[in-house]
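Just so you know, ligand 1 is whichever comes first in the structure, and atom 1 is the first atom listed for that ligand.
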Amino acid sequence: MSARRWDAIVVGAGPAGSATALLVARAGARVLLLDRASFPRDKPCSEYLSPESTRVLERLGADVLATVAKASPARLTGMRVVAPSGADVVGRFTNFSFALPRTRFDTILRNAAGAAGVEVRERVKVEELVYDAGAVGGVTVRETCNGKRDTYRARVVVGADGLRSVVARRLGRVHATPPHRIAFTAHVRDVRDVTELGEMHVGRHGYVGFGPIGQGLTTVALVVPVAEARRGARFFQELDRFPRVAGRFEPRNLVRRVLATGPFARWSRRSVARGGGALLVGDAADFFDPFTGQGIYSALRGAELAAAAIIDLLATGASLDRYARARRREFMGKWMLERMIGIAVGWPALIERVVGCLTRRPELADLLVRATGNCVPARSVLTPGVLAGLVL
Ligand SMILES: Cc1cc2nc3c(=O)[nH]c(=O)nc-3n(C[C@H](O)[C@H](O)[C@H](O)COP(=O)(O)OP(=O)(O)OC[C@H]3O[C@@H](n4cnc5c(N)ncnc54)[C@H](O)[C@@H]3O)c2cc1C
């Protein structure tokens, strides 16, 4: 039986958790990575890695990037945004982005963490936090295959357990804000007219995002207000309500069951536990809306910031609070842009206007797509001149 004490316990082996675990282990720490699922596992997602993610993957290790590049991903060169009327505009990245199934991508990262010396345990669900003298000092877990309960201790617990993070809920209030949307995602074969562009189609009752993920597959996400989903939205019928989507998907070409997730727009008041000993990263810390497709980048970049703070704490006893400050500095612009766009897509007339303006100003379309792809800082869009150009 292995010891029950580690330097760090990471809850969740998605991109945020695997990357954090890998980086902390590579600095010489003993790290335990827990996931309630068994890999490869699916994750409802549009499965596009924004272009800047490539750089983070490279920093995780040349072998990590090479394995992703070898896994037959599609390469996207930009985004097409289609307004409810069918009018569209294309923005191009400065380079390209990978897109591949999360079953493959997340397994590559989880394996890389294992290869870096992380002890990985699957089908282990974290249920509670354990406190030592006011600070988080471990977790209680249940093995999902046999119901066995146990307690594991560590100097730091990392909540990387996604949108419904149990660690975030145990640490304090998790805020939920409008718009309350829910998503349905699928993999479909032989979709008509798929190119090297991701496509975002805004409709009167939600939006659809899709793009190639390699090997003839297209990943498609239908995002609708919760109220719409309650009315019993039917996946393929809903897709046909979007003028430039209708007729491109054949229900018989569905190759994976439709996955549902949501509602989104949740964030934790604190990304670091008040008494110390724990922090949140990835969706566990915050997730607003999938329209901009920045979640995986934020998970990976957040992991770099979290790992730096944890390594410092383990070496010198420094407070984890520097992580909260680093997140604000790194993500403030992205948070604003993501929220702005997430709210705007709920206003079809506004999207119609923005698409019209961007058609006349292609350089602004490129800028917006590059900012959401993290190729340029989000703040480059958040200037009065650019914001005015989007609507006037
Ligand atoms: C419809 C939709 C489309 C999206 N499209 C894109 C896109 O194209 N590009 C992009 O970059 N982002 C996209 N995102 C966002 C992206 O999916 C997330 O931001 C990303 O997965 C966050 O990674 P994570 O590691 O924080 O969490 P996750 O990937 O959710 O991983 C969390 C892990 O924690 C585990 N876990 C949960 N609870 C427990 C527990 N109690 N104990 C142990 N383990 C636990 C889960 O099994 C899971 O493996 C999309 C999201 C949605 C909803």
Verify same cluster id: Val31, Val130 (apolar side-chain graph, 4.5 Å):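 Looking at the clustering, Val130 is in a separate group from Val31.
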
Leu279 reachable from Ile9 in the ILVMFWY side-chain graph, under 4.5 Å edges: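 Different clusters: Ile9 never reaches Leu279 through Ile, Leu, Val, Met, Phe, Trp or Tyr contacts under 4.5 Å.
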
Report yes if some N/O of [X] lies less than 3.5 Å from some N/O of ligand 1; otherwise report no.
X	answer
Gly295	yes
Thr261	no
Ser50	no
Ile296	yes

Heavy-atom nearest option to [atom], drawn from [options]:
atom	options	value
atom 49 (O) of ligand 1	Thr185, Leu49, Val167, Asp35	Asp35
atom 51 (C) of ligand 1	Phe184, Phe291, Phe287, Phe288	Phe287
atom 41 (N) of ligand 1	Val124, Leu76, Val126	Val126

Face-on cation placement of Arg121 at Trp6 ring, 6.0 Å and 45° thresholds: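 No cation-pi geometry.
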
Residue of the set Arg102, Arg256, Arg104 for which salt bridge (charged side-chain N to carboxylate O under 4.0 Å, His left out) holds with Asp42: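 By the salt bridge (charged side-chain N to carboxylate O under 4.0 Å, His left out) criterion, Asp42 pairs with just one of Arg102, Arg256, Arg104: Arg256.
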
Examine the proximity of ligand 1 to [X] and report which part, side chain or backbone, both or neither, has a heavy atom under 4.0 Å away.
X	value
Arg164	neither
Ala183	side chain
Lys43	side chain
Pro290	side chain
Ser298	neither
Ser53	neither

Please list, in number order, the atoms of ligand 1 under 4.0 Å from a heavy atom of [X].
X	result
Glu47	7 (C), 8 (O)
Gly293	7 (C), 9 (N), 10 (C), 11 (O)
Ala160	32 (C), 33 (C), 34 (O)
Gly12	33 (C), 34 (O), 35 (C)
Tyr48	7 (C), 8 (O), 9 (N), 10 (C), 11 (O)
Val166	41 (N)
Lys125	41 (N), 42 (N)
Gly282	26 (O)

Could you identify the single nearest non-hydrogen protein atom to [atom] and state the distance to 0.1 Å?
atom	answer
atom 14 (N) of ligand 1	Cys45 SG, 3.7 Å
atom 4 (C) of ligand 1	Ser46 N, 3.3 Å
atom 37 (C) of ligand 1	Asp161 O, 3.3 Å
atom 17 (O) of ligand 1	Arg102 NH1, 3.1 Å
atom 26 (O) of ligand 1	Asp283 N, 2.9 Å
atom 25 (O) of ligand 1	Ala16 N, 2.9 Å
atom 23 (O) of ligand 1	Pro15 CD, 3.7 Å
atom 43 (C) of ligand 1	Arg36 N, 3.3 Å

Verdict with reasoning, Phe98 to Ser53, per side-chain contact (heavy atoms from CB on, under 4.5 Å): CA-CA 9 Å; Phe98 289 121; Ser53 310; over 6 Å; no

Strictly distance-based, threshold 3.5 Å: is any side-chain N or O of [X] a donor or acceptor partner for the main-chain N or O of [Y]?
X	Y	answer
Asp7	Ala29	no
Thr372	Val369	yes
Arg181	Ala265	no
Arg241	Gln237	no
Asp283	Gly295	no
Thr144	Arg123	yes

Sole residue of Thr140, Val126, Val139 in side chain to side chain contact (heavy atoms under 4.5 Å, CB included) with Tyr152: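 Going through Thr140, Val126, Val139 one by one, the side chain to side chain contact (heavy atoms under 4.5 Å, CB included) with Tyr152 is satisfied by Val139 alone.
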
Between [X] and [Y], how do the two ring planes meet: parallel, tilted or perpendicular, split at 30° and 60°?
X	Y	result
Phe264	Phe287	perpendicular
Phe236	Phe249	tilted
Phe93	Tyr48	parallel

Side-chain donor-acceptor pair present, Arg4, Thr151, cut-off under 3.5 Å: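 There is no such pair between these side chains.
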
Asp312 vs Arg322, salt bridge (charged side-chain N to carboxylate O under 4.0 Å, His left out): CA-CA, chis, key distance, verdict: CA-CA 10 Å; Asp312 209 10; Arg322 65 171 271 202; 2.7 Å; yes

